[in-house]
Visitor: 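Sharing a structure, written as structure tokens. Questions coming.
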Amino acid sequence: MANDMKHAPNSAAEIARLLTELLGRPEVASQVGGEAMAGDGELLELTDPATGRVMAEFRDAGADVVNAAADAAQEAQRIWAAKTASERGRIMFEIARQIRAHTEPLSRLEAISAGRPIRDTGGEPARMAEMFEYYAGWCDKITGDVIPVPSSHLNYTRHEPIGVVAQITPWNAPLFTCCWQVAPAIAAGNAVMLKPSELTPLSSLVVAALCERAGAPKGLVNVIAGRGATAGQKMIEHPATGLVVFVGSAQGGAAVAAAAARRMIPSILELGGKSANIVFEDADLDRAIVGAQAAIFAACGQSCVAGSRLLVQRSIHDQLLEKLAEASARIPVGLPLDAETQIGPVNNARQWDKINDMVHQAQAAGARIVTGGACPEHLRDSGGYFYAPTILGGVSQDMVIAQEEVFGPVLSVIPFEDEEEAVALANATPFGLAGAVWTRDVGRAHRMADRVKAGTFWINSYKTINVMSPFGGFGQSGYGRSSGREALAAYTTTKSVWVETAAEPVIAFGYAPG
């Protein structure tokens, strides 16, 4: 087990060191127009998820910070849009190079501040660089169409940038969600005001600084350190904001969409899920068990696409559950910077309490804890927010644990009889983000992909995501797509241009020249 708390770092000192190396300052403050700008609101604390100790403080950003960010973004967007598409692409390639050049400190910063294992965050900067590289290649390929209209006009379309985009990202994967949203936005010619979670603003601040080092105009990417109810609301309300992008819970998404609608501006919502991971009796069970663990326990279950419902054909249910429980109990849980750790802490105390409450409410409703269900014994004196990989048996689809997102390392195992019941169970939630099936039957695999309501669906796999492929959901999992070519369409507006080409056009009104 990864359990040696003697090697827990002095996170406050380490965060100060990393921020000085990456930003040139140890203090936490918003990054506005290329400069640090402190807020004047409530004092907020950043807590180390592995120890529960405060590692930094900053003031909540208010209207002054948002107003300054909006001014900086508008000016930067004018400069950015005036560059040729090829110039923008070259700068985005340089942003990617800057991210790769700072892999080690970025990965450590992310591991400590978000509580994610270094074995995961160590490869994250390379994936983030790929996002900028992918969209850099699109900069000079955002083209319009010529429409064969039934008149003497030349009609063509232009895809123009929206201008200033407000983006709100969550605490579970702050570096990933920052780059995931910023890259397509600036590729399409926009400037960004990004508000990361007040619990994990650090890696986003670094990304903004690296964009400027790469040659992007100061203020093209502004990061506002503050709460959603204060700074986030001010961003949405600001007249400069032309689009709102939100990654988070369904409840938060509904509030953001309503606030954007009041201003008659569009929104993109990437929300939660209650995804079904379906295992048929003909599946390769060893692969399915490994896939089920990765689906729910990676990132400590704090993933919108987590396979939190494992639907297992009844004929193999008991066998698979026993093997899965044995394997899951052996997963190393420990400090994020320990190379052996596969599951780190839950990000914050409030989320730990929610997870624990939902597990024990499920138990009271008739589910049984097969393994886990508490902080691992060897970590109970750490002060950190650790939760053991947890598997619940005896779960029925009408239980709250099977309907609502837990956002933690908790797997509900539910039996089914046949394909029809599997589809019915998979679709029996208001979410529609992801899903998967494990089977050797090719026809069945494609039938399930067709019938399960999910924006992303895997066959004999789980949780493979790439910037090239569109990502998003249906229902309470949101709308719009955050990656692939589809994301660029969301970050532009389409203009239709009509040019009369006839030497003597037909006069459609009563006026005659001469």
Visitor: For the backbone of Trp458 and the side chain of Ser461, can you confirm whether one donor and one acceptor N or O come within less than 3.5 Å of each other?
Guide: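 No.
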Visitor: Measure the shortest side-chain to side-chain distance between Ile268 and Val244 over non-hydrogen atoms and say whether it is less than 4.5 angstrom.
Guide: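 SC-SC contact between Ile268 and Val244 ruled out.
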Visitor: Which heavy atom in Gly273 sits nearest to a heavy atom in Ser477, and how many Å separate them?
Guide: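 Closest approach of Gly273 to Ser477: CA-OG, 4.0 Å.
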Visitor: Going from CD1 on Ile265 to NE2 on His238, what distance comes out if it is rounded to the nearest 0.5 angstrom?
Guide: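 Answer for the CD1-NE2 pair, Ile265 versus His238, is 11.5 Å.
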Visitor: Does the side chain of Leu433 reach to within under 4.5 Å of the side chain of Leu271, using non-hydrogen atoms?
Guide: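 Not touching, per the 4.5 Å side-chain cut-off.
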Visitor: Would you tell me whether Asn347 and Tyr385 have side-chain atoms, one donor and one acceptor, within less than 3.5 Å of each other?
Guide: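 Side-chain D/A pair, Asn347 to Tyr385: absent.
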Visitor: Grab the two heavy atoms, one from Ala185 and one from Val192, that are nearest each other, plus how far apart they are.
Guide: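 Ala185 and Val192 have their closest heavy atoms at CB-CG2, 3.8 Å.
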Visitor: Would you kindly say whether Gln351 and Tyr387 are connected by a side-chain donor-acceptor distance under 3.5 Å?
Guide: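 No, because no side-chain N or O of Gln351 sits under 3.5 Å from a partner of the opposite role on Tyr387.
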Visitor: For residues Ile236 and Arg263, report the shortest heavy-atom separation together with the two atoms involved.
Guide: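 Distance-wise, the nearest heavy atoms are O-NH1, 3.0 Å.
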Visitor: Indicate yes or no for a side-chain donor-acceptor contact from Thr492 to the backbone of His159 under 3.5 Å, with no hydrogens or angles considered.
Guide: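 Here the side-chain-to-backbone pair does not exist.
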Visitor: What I want to find out is whether Glu42 reaches Arg227 closely enough, with some N-O distance under 4.0 Å, to be called a salt bridge.
Guide: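 Yes, this pair counts.
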Visitor: Quick test of your reading of the model: are Lys218 and Glu212 salt-bridged, counting only N-O distances below 4.0 Å?
Guide: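 Salt bridge flag = no for Glu212 with Lys218.
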Visitor: Do Arg444's NZ or CZ and the ring of Phe280 fall within the cation-pi criteria of under 6.0 Å and 45°?
Guide: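 Judged by the rule, Arg444 and Phe280 form a cation-pi pair.
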Visitor: Decide yes or no on side chain to side chain donor-acceptor pair (under 3.5 Å) for Gln293 and Tyr462, but give the supporting numbers first.
Guide: CA-CA 10 Å; Gln293 291 181 93; Tyr462 206 98; over 6 Å; no
Visitor: Taking Ala229's backbone N and O only, do any of them form a donor-acceptor pair with Gln233's side chain (distance below 3.5 Å, no angle check)?
Guide: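 It does not hold such a pair.
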Visitor: Determine, for Glu133 against Arg100, whether the closest basic-nitrogen to carboxylate-oxygen distance falls under 4.0 angstrom.
Guide: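 Yes.
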Visitor: Are any non-hydrogen side-chain atoms of Val395 and Val413 less than 4.5 angstrom apart?
Guide: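 The answer is no; the side chains never approach within 4.5 Å.
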Visitor: With rounding to the nearest 0.5 angstrom, report the CE to CG distance, Met358 to Asp353.
Guide: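 So the CE of Met358 and the CG of Asp353 are separated by 13.5 Å.
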Visitor: Under 3.5 Å, is there a donor-acceptor pair between the side chain of Glu87 and the main chain of Thr84?
Guide: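 Side chain of Glu87 to backbone of Thr84: a pair is present.
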Visitor: Please give me the minimum heavy-atom distance between Lys274 and Glu404, naming the atom from each residue.
Guide: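 Result for this residue pair: NZ-O, 2.9 Å.
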Visitor: With side chain to side chain donor-acceptor pair (under 3.5 Å) as the criterion, how do Glu160 and Thr493 come out once you've worked through the C-alpha distance, each side chain's angles and the decisive distance to 0.1 Å?
Guide: CA-CA 5 Å; Glu160 300 180 347; Thr493 56; 4.8 Å; no
Visitor: Less than 4.5 Å apart, any side-chain heavy atom of Arg350 and any of Lys354?
Guide: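 Result no, sub-4.5 Å side-chain heavy-atom pair not found.
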Visitor: Glu75 and Ile79: side chain to side chain contact (heavy atoms under 4.5 Å, CB included), yes or no, with the steps?
Guide: CA-CA 7 Å; Glu75 178 59 27; Ile79 297 170; 3.9 Å; yes
Visitor: Closer than 3.5 angstrom, by distance alone: can the side chain of Asn348 be matched with the main-chain N or O of Leu199 as a donor-acceptor pair?
Guide: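 No, Asn348 side chain to Leu199 backbone: no donor-acceptor pair under 3.5 Å.
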Visitor: Under the side chain to side chain contact (heavy atoms under 4.5 Å, CB included) rule, what do Ser107 and Ile118 come out as? Steps first, then yes or no, please.
Guide: CA-CA 7 Å; Ser107 59; Ile118 193 71; 4.1 Å; yes
Visitor: For Thr341 and Pro336, indicate whether the former's side chain and the latter's backbone hold a donor-acceptor pair under 3.5 Å.
Guide: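 Absent.
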Visitor: Check whether Ser30 reaches the backbone of Ile224 with its side chain - one donor and one acceptor, N or O, closer than 3.5 Å.
Guide: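 Checking the backbone N and O of Ile224 against the side chain of Ser30, no donor-acceptor pair under 3.5 Å is found.
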Visitor: Once you round to the nearest 0.5 Å, how far does CG of Leu243 lie from OH of Tyr491?
Guide: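 That separation rounds to 6.0 Å.
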Visitor: Roughly how far apart are Asn427 CG and Phe474 CZ, rounded to 0.5 Å?
Guide: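 Here the rounded value is 11.0 Å.
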Visitor: On a heavy-atom basis, which atom in Pro201 and which in Val28 lie closest, and how many Å separate them?
Guide: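 For Pro201 versus Val28, the nearest heavy atoms are CG-CG1, 4.4 Å.
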Visitor: Is the Trp138 ring parallel, tilted or perpendicular to the Tyr134 ring (thresholds 30°, 60°)?
Guide: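 Rings of Trp138 and Tyr134: perpendicular, as their planes differ by over 60°.
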Visitor: When you compare the side chains of Trp171 and Glu198, does any donor N or O come within less than 3.5 Å of an acceptor on the partner?
Guide: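 On atom types as modelled, these side chains do not qualify, holding no pair under 3.5 Å.
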Visitor: Is the side chain of Thr157 donor-acceptor paired with the backbone N or O of Asp145 at a distance under 3.5 Å, no angle test?
Guide: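 Pair found, side chain donor or acceptor close to backbone of Asp145.
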Visitor: Quick one: do the Trp438 and Asn277 side chains pair a donor with an acceptor below 3.5 Å?
Guide: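 The answer is yes; a qualifying pair exists.
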Visitor: With a 4.5 Å cut-off on side-chain heavy atoms, are Gln74 and Val164 touching?
Guide: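 In short, these two side chains touch, coming nearer than 4.5 Å.
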Visitor: Taking the side chain as every heavy atom from C-beta outward, state whether Pro49 and Val346 have any atom pair closer than 4.5 Å.
Guide: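 Answer no - side chains too far apart.
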Visitor: Between Leu205 and Gln31, what is the shortest heavy-atom contact and its length?
Guide: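 Minimum heavy-atom contact is CD2-N, 3.7 Å.
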Visitor: May I ask you to check whether Ser267 and Tyr479 show a side-chain donor-acceptor distance below 3.5 Å?
Guide: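 A donor-acceptor contact under 3.5 Å links the two side chains.
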Visitor: Test Val206 against Leu23 for side chain to side chain contact (heavy atoms under 4.5 Å, CB included), laying out the working first.
Guide: CA-CA 6 Å; Val206 173; Leu23 295 177; 4.2 Å; yes
Visitor: For Ser203 and Glu110, test the side chains for any donor-to-acceptor distance below 3.5 angstrom and give the result as yes or no.
Guide: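 Yes - a donor-acceptor pair under 3.5 Å links their side chains.
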Visitor: State whether the side chain of Arg309 and the backbone N or O of Ile401 hold a donor-acceptor pair below 3.5 Å, judged by distance alone.
Guide: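 Not at all, since once roles are kept as given, no pair shorter than 3.5 Å links the two residues.
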Visitor: Mind checking whether Ile278 and Val452 have side chains closer than 4.5 Å, heavy atoms only?
Guide: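 SC-SC contact between Ile278 and Val452 confirmed.
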Visitor: Taking Glu124 first and then Arg116, would you say they form a salt bridge - that is, a charged N and a carboxylate O separated by under 4.0 Å?
Guide: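 So Glu124 pairs with Arg116 through a salt bridge.
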Visitor: How many angstroms lie between NE2 in His102 and CG in Leu18, if you round to the nearest 0.5 Å?
Guide: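 Answer for the NE2-CG pair, His102 versus Leu18, is 11.5 Å.
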Visitor: Would you say the side chains of Ser482 and Glu270 form a donor-acceptor pair under 3.5 Å?
Guide: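 Note: Ser482 and Glu270 side chains meet the donor-acceptor criterion.
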Visitor: Measure from the side-chain N and O atoms of Ser11 to the backbone N and O of Asp48, and report whether any donor-acceptor pair falls under 3.5 Å.
Guide: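 Flag not set: sc Ser11 to bb Asp48 has no pair under 3.5 Å.
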Visitor: Can you find a heavy atom in the side chain of Cys211 that is under 4.5 Å from one in the side chain of Leu220?
Guide: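 Not touching, per the 4.5 Å side-chain cut-off.
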Visitor: Looking at CD1 of Ile343 and SG of Cys300, how far apart are the two atoms once the value is rounded to the nearest 0.5 Å?
Guide: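 The CD1 atom of Ile343 sits 6.0 Å away from the SG atom of Cys300.
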Visitor: Under the side chain to side chain contact (heavy atoms under 4.5 Å, CB included) criterion, do Val256 and Val245 qualify, and how do the steps go?
Guide: CA-CA 9 Å; Val256 166; Val245 181; over 6 Å; no
